[in-house]
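One structure below.
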Number of protein chains: 2
Amino acid sequence: MNEKARERACTERDSWVWRALGDPSRRRMLDLLRRRSRTTGSLAAEFDFTRFAVMKHLKILERAGLVVVERRGRERVNHLNPVPIQEIYRRWIRPFEALPADRLLRIRAAVEKSRERQESER
Amino acid sequence: MNEKARERACTERDSWVWRALGDPSRRRMLDLLRRRSRTTGSLAAEFDFTRFAVMKHLKILERAGLVVVERRGRERVNHLNPVPIQEIYRRWIRPFEALPADRLLRIRAAVEKSRERQESER
DNA sequence: GTTATATGTGACGATTAGGTCACATATGAA
DNA sequence: TTCATATGTGACCTAATCGTCACATATAAC
């Protein structure tokens with residue numbers, strides 16, 4: 001029961017992060033911000049769609065805590081914050097790596113079979 | 001330029017996985033499947049919405065490679081496949097952990113400031 | 001002050017996604 | 001064969017999401 005409660009809490013807390021990471025444009029933004037921090041305008045120049053759309057994406061990333069804003073005069077510098085991604089890893093990715101070996105074998109067999117099935121369908 | 005091409009390819013290939021992970025119901029499904037493999041019906045019993053909705057979710061998870069299906073007579077056993085999640089980690093999570101120390105300090109300062117700002121707004 | 005630049009807001013439209021429904025198919029057991 | 005059970009398909013509705021537009025605000029430089 002404790003585990004269930006923990007799961008549920010994590011799901012809700014991480015929800016904004018997952019939503020933010022779900023969009024390819026936003027992932028590309030994070031990739032750009034990973035190299036160096038940028039102002040909103042500088043970031044918008046990298047995308048085909050309008051600056052307003054970029055701002056919306058940044059707002060979503062900020063809400064998720066993935067982007068932190070530093071005001072510098074009339075500019076707005078967007079920094080990438082890696083912490084939420086690390087938390088996602090600890091709560092979601094790592095547990096999925098720790099499956100028992102017998103299950104992994106069985107899953108691998110199922111993957112093989114489904115691959116064969118897909119190929120025979122062609 | 002090589003790096004850019006690699007990024008782009010990764011983004012597109014992982015796109016289905018991200019989409020699949022974006023929904024909280026699907027994440028809960030993966031959590032259930034992590035404990036043990038289940039038939040579609042058994043899985044559907046855990047959710048408030050209909051079995052058909054569960055099937056749609058399973059289809060999306062399957063398209064992303066996160067769920068592998070094993071036919072067993074008239075039953076359909078859904079296995080969790082951890083491989084795509086591991087790939088997500090390698091291509092997306094780990095690079096974000098490797099930021100240089102000076103940038104991390106600066107980002108941390110920005111996080112602090114934005115937190116102060118948020119608190120003063122209350 | 002005036003003006004140019006950088007960022008923010010509100011309303012709107014098109015597309016997609018999550019969900020339900022009624023109905024169809026396939027397998028195991030009697 | 002007959003019937004119950006497990007899974008699959010097509011059309012539909014609703015709500016959220018991504019993008020645009022016109023307009024508003026704030027700061028730096030002159």
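Lettering follows sequence order; numbering is per chain, from 1. What's counted below: heavy atoms across the whole structure, side chains too, no hydrogens, waters or symmetry copies.
In this entry the distance linking CG of Leu21(B) with P of dG18(C) reads 12 Å, nearest Å. Taking atom CE of residue Met29(B) and atom P of nucleotide dG18(C), one finds them 11 Å apart after rounding to whole Å. As a whole-Å value, the separation of Arg63(A) CZ from dA16(D) P is 13 Å. dT9(C) atom C1' lies 16 Å from atom CG of Leu58(A), rounded to whole Å. Arg26(B) places its CZ atom 8 Å from the C1' atom of dG18(C), with the value rounded to the nearest Å. Here dT5(D) presents its P atom at 18 Å from CE of Met55(B), a figure rounded to the nearest Å. In this entry the distance linking CZ of Arg74(A) with P of dA26(D) reads 14 Å, nearest Å. Per the geometry, CH2 belonging to Trp16(A) stands 11 Å off P belonging to dA16(D), to the nearest Å.
Counting non-hydrogen atoms under 4.0 angstrom, Leu43(A) reaches nothing in the nucleic acid. Among the protein residues, Phe52(B) comes within range of the nucleic acid bases, having at least one heavy atom under 4.0 Å from a base atom.
The closest side-chain heavy-atom distance from Glu97(B) to Tyr89(A) is below 4.5 Å.
Proximity of Arg51(A) to the phosphate of dT7(C): no side-chain N or O atom is located under 4.0 Å from OP1 or OP2. OP1 and OP2 of dG8(C) both lie 4.0 Å or more from every side-chain N or O belonging to Lys59(A). The side chain of Arg71(B) contributes an N or O atom lying less than 4.0 Å from OP1 or OP2 of dG8(D). Contact check, Thr50(A) against dG19(D): no side-chain N or O comes under 4.0 Å of OP1 or OP2. Listed pair Arg72(B) / dT27(C) fails the phosphate criterion, with no side-chain N or O lying under 4.0 Å from OP1 or OP2. For Thr40(B) and dA6(D), the shortest distance from a side-chain N or O to OP1 or OP2 is not below 4.0 Å.
Salt-bridge annotation for Arg38(B) and Glu46(B): present, with a side-chain N of the basic residue lying under 4.0 Å from a carboxylate O of the acidic one.
Checking Lys56(A) against Asn78(A), the closest nucleotide of DNA chain C that is more toward the 5' end is the one next to Asn78(A).
If you check dT7(C), dG19(C), dA6(D) against the side chain of Glu75(B), the one that comes closest is dA6(D). Here dT7(D) is the nucleotide among dT7(D), dG19(D), dG19(C) with the atom lying nearest to any side-chain atom of Arg76(B).
Using a 30° and 60° split on the angle between ring planes, Trp18(B) and Trp18(A) fall in the tilted class, from 30° to 60°.
You'll find the ring centres of Phe52(A) and His57(A) outside the 6.0 Å limit.
For the salt bridge (charged side-chain N to carboxylate O under 4.0 Å, His left out) criterion with Asp31(B), the lone passing option out of Arg28(B), Arg27(B), Arg35(B), Arg34(B) is Arg34(B).
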